[in-house]
There are 2 protein chains.
Amino acid sequence: MSRLNLTTQRKTILDLIQSCDDHPTAAEIMERLRMNGHQFAYGTVYNSLRYLTDAGLIRELKLGETASRYDGRTEDHYHIVCTKCGRVDEVLSAPPAEWIREVAAKTNYDVHHSQVVFEGVCYSCKHPKA
Amino acid sequence: MSRLNLTTQRKTILDLIQSCDDHPTAAEIMERLRMNGHQFAYGTVYNSLRYLTDAGLIRELKLGETASRYDGRTEDHYHIVCTKCGRVDEVLSAPPAEWIREVAAKTNYDVHHSQVVFEGVCYSCKHPKA
DNA sequence: AATAGTATTTAGACTTAGTATAAATTTAAT
DNA sequence: ATTAAATTTATACTAAGTCTAAATACTATT
């Protein structure tokens, strides 16, 4: 792990991800870059996303869709996906430590990390206006 | 939802998945079919996997890898992946209901389902022989 | 049993998301 | 200024899966 090297491209992509409040895919990120007047090579975007993820500046979300999404919030948190409209929201409560201990004991694993994706129906989809 | 239509191909694939104790990908399933002397079209395997999943006879696992895996155990359960060797084990303890209620309350979602993938190091990788 | 209609399988083209590579460019270090 | 290392670019390629149209199989009705 060498020191952080934020090139112009990486910085631009980091800024974009940190300043949006959703969880764009690589394709969406490229589209937004283009809309902001930038034009980076395909591979640069993927390279930057990996670099920023490895550096811990952003998070890659694998929510079971075909494409990864990226999240500028790096605190430990989880996600909930609306099965009606596809919207993704943050979940800030962590799984109870007691449960994790139980899983570790039963499986004989050292548990380092857990990915949790909830699925359900969001407020707007539950209460459609008209 | 019409009545179950298990064609020869679908039955063969279902049997294969139910009789193995790991979680094969579509590619692995095709390879095993071929080794057993079957030769189904590419699309048929995917079609069958979807059909069987929709019918609730098998489960599709999205563990954050590039390919889905399939599981013959249909009871509600979760998975733990070894980050060293890639091995996947079953996790039978469910997340505490209290936690799910809390998530539902905080996010304003009706929570229907949760996918949980633990990551850690399995017993064999913790205790390598020699 | 023959016919018509529906569903499934097959083969292969196509799509999507992402990786790999080689040349060109930029950055850093002497 | 020169060399070396890292990064970007353009483009080819791969992996996983979907789509489509023709061929085949199954079902229901007479």
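Please read all numbers here as calculations on a predicted model, not as lab measurements. Letters go in sequence order (proteins before strands), and every chain restarts at 1.
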Find the distance B/Tyr46:OH to C/dT9:C1' and express it as a whole number of Å. 17 Å

So B/Trp99 and A/Trp99, would you call those rings parallel, tilted or perpendicular, with 30° and 60° as cut-offs? tilted

So, does B/Gln9 get its side chain near the phosphate of C/dT10, meaning an N or O under 4.0 Å from OP1 or OP2? yes

Does D/dA25 have its OP1 or OP2 closer than 4.0 Å to a side-chain nitrogen or oxygen of B/Thr7? no

Would you indicate which nucleotide in D/dT27, D/dG17, C/dA17 comes nearest to any side-chain atom of B/Ala26? D/dG17

Report yes if a side-chain nitrogen or oxygen of B/Arg50 is closer than 4.0 Å to either non-bridging phosphate oxygen (OP1 or OP2) of D/dG17; otherwise report no. no

To the nearest angstrom, the CZ-C1' distance between A/Arg3 and D/dT7 comes to 14 Å

Go nucleotide by nucleotide along DNA chain C from the 5' end; which of A/Gly43 and A/Ala27 gets its closest nucleotide reached first? A/Ala27

Out of D/dA10, C/dT10, C/dA17, minimum distance to the side chain of A/Ala41 belongs to D/dA10

Between D/dA16 and B/Thr66, is there an OP1 or OP2 to side-chain N/O distance shorter than 4.0 Å? yes

Could you check whether A/Arg69 pairs with A/Glu28 (Lys NZ or Arg NE/NH1/NH2 to Asp/Glu carboxylate O, under 4.0 Å)? yes

Quick one: A/Lys11 NZ to D/dT7 C1', roughly how many Å, whole number? 18 Å

Contact class for A/Ser68 (heavy atom, under 4.0 Å): base, sugar-phosphate, or nothing? sugar-phosphate

Measure CD/B/Glu28 against P/D/dA15 and give the value in whole Å, please. 14 Å

side-chain N/O A/Asn5 vs D/dA6 OP1/OP2, d < 4.0 Å: no

Validate the cation-pi geometry between B/Arg10 and B/Tyr51: distance from NZ or CZ to the six-membered ring centre under 6.0 Å, angle to the ring axis within 45°. yes

Distance in angstrom units between B/Asp54 CG and C/dT8 P, rounded: 12 Å

Distance criterion of 3.5 Å, no angle test: do you see the side chain of B/Tyr42 paired donor-to-acceptor with the base of C/dG12? no

Is it true that B/Arg50 and B/Asp54 make a salt bridge, defined as a side-chain N closer than 4.0 Å to a carboxylate O? no

I want to verify a distance call: between C/dT9, D/dG17, D/dT8, whose nearest atom is closest to the A/Thr44 side chain? D/dT8

Per atom distances to the B/Phe40 side chain, the nearest of C/dT10, D/dG17, D/dT18 is C/dT10

Whole angstrom is fine here: how far is it from CD in B/Glu60 over to C1' in D/dT18? 13 Å

When the distance from CD1 of A/Ile13 to P of D/dT7 is rounded to whole Å, what number comes out? 13 Å

Nearest-angstrom distance from the residue atom CE of B/Met30 to P of C/dG12: 15 Å

Would you call A/Arg32-A/Asp22 a salt bridge at under 4.0 Å N-O? yes

